[in-house]
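Structure, as structure tokens:
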There are 2 protein chains.
Amino acid sequence: MGFQNNLKGKAQIFKALAHPTRLSIVEKLLEGERCVNDIRDLFEVTQPNISQHLNILKYSGVVDCRQKGNLRCYFLIEPEKLRKLLNVLK
Amino acid sequence: MGFQNNLKGKAQIFKALAHPTRLSIVEKLLEGERCVNDIRDLFEVTQPNISQHLNILKYSGVVDCRQKGNLRCYFLIEPEKLRKLLNVLK
DNA sequence: TATAAATATAATAATATAATAATATTGAAA
DNA sequence: TTTCAATATTATTATATTATTATATTTATA
């Protein structure tokens, strides 16, 4: 579930984080779960593009989502790991 | 020098680590500096390809190199940060 | 100073990723 | 049960990355 130990798995997680938009999404989700439109409003980016980035984060094991009414809320699967990861780069 | 605090800089470092070959190079360099051919022998990869990956790691601020006789030795600029980064994914 | 070993650079072809535009799906409420 | 808001999917185009091949550069040494 989520984070991987092997080489390809690790590289995949780094790849998921290797885009400014996705990195911003992750930083936002460190504050708590957010629905797609909340996330979209943070950027000058189209809705389908955000959806695509979210999908990349999802199949990389970084986020997951749940339906909440007619909203789809995304959240970090392992927020503490991501917090540590990003803290190292400060 | 090396690691960056801003969004693009962070994304660039993740991008540098987002390839299995480069990740393996970094893991090897955690043991200490290595010349190109030492690194090359670890993989089934051509010499120019290793050189290219090393160059990506270099301009991303992850490694630097120094001449040592006729060898060029690569080393991690901030080994402790990388050690922490990789430890998070375990 | 010619040669060999070590490494880098350049050009190319193959592949992957990104953004965009158009369309489809889903759930809630009217 | 139609409509709307929220989100996803698909296809397309543009761009970036990767591996490969060929060639160049550099350093040490014969």
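Within every chain, numbering begins at 1; the chains are lettered A, B, ... in the order of the sequence lines, protein sequences first and strands thereafter. All values reported here derive from a predicted model rather than from experimental measurement.
Other members of the hydrophobic cluster containing A:Ile56, listed by chain and number, are A:Tyr59; membership follows side-chain contacts under 4.5 Å among ILVMFWY residues, whether direct or relayed.
Within the 4.5 Å cutoff, the side chain of B:Glu33 has heavy atoms near those of the B:Arg66 side chain.
Across the protein-nucleic acid pair, B:Asp41 atom CG and C:dA6 atom C1' stand 12 Å apart, rounded to whole Å. Summarising the geometry, the separation between CG on A:Leu17 and P on C:dT17 is reported as 15 Å, rounded to the nearest angstrom. Whole-Å rounding puts the B:Arg66 CZ to C:dA6 C1' distance at 16 Å. Straight-line distance from the CG atom of A:Leu57 to the P atom of D:dA8: 12 Å, rounded to whole Å. As a whole-Å value, the separation of A:Ile50 CD1 from D:dA5 P is 20 Å. Between the CG atom of A:Asn37 and the P atom of D:dA8 there is a distance of 10 Å, given to the nearest Å. If you take CG of B:Leu54 and P of C:dA8, they are 7 Å apart, rounded to a whole angstrom. As a whole-Å value, the separation of B:Asp64 CG from C:dT7 P is 15 Å.
Across every strand in view, C:dT7 sits in a pair with D:dA24 that passes the Watson-Crick or G-U test at under 3.5 angstrom.
Applying the 4.0 Å criterion to OP1 and OP2 of C:dA8, one finds that B:Asn55 has every side-chain N and O outside that range. Of the side-chain N and O atoms in B:Tyr74, none sit less than 4.0 angstrom from OP1 or OP2 of C:dA6.
Side-chain atoms of A:Arg22 do not come within 3.5 Å of backbone N or O of A:His53 as any donor-acceptor pair.
The minimum heavy-atom distance linking B:Ile39 with B:Leu29 is given by the pair CD1-CD2, 4.3 Å. Residues A:Val45 and A:Arg40 approach most closely at O-NE, 3.7 Å, considering heavy atoms.
A parallel orientation is assigned to the rings of A:Phe14 and B:Phe14, their planes being inclined by less than 30° (bins at 30° and 60°).
Taking the charged nitrogens against the carboxylate oxygens, B:Glu27 and A:Lys10 do have a contact shorter than 4.0 Å, which makes a salt bridge.
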Could you run through nucleotides 15-27 of chain D and give me one letter per nucleotide, 5' to 3': B if any protein heavy atom sits under 4.0 Å from the base, S if only the sugar-phosphate is that close, - if neither? --SSBBBB----S

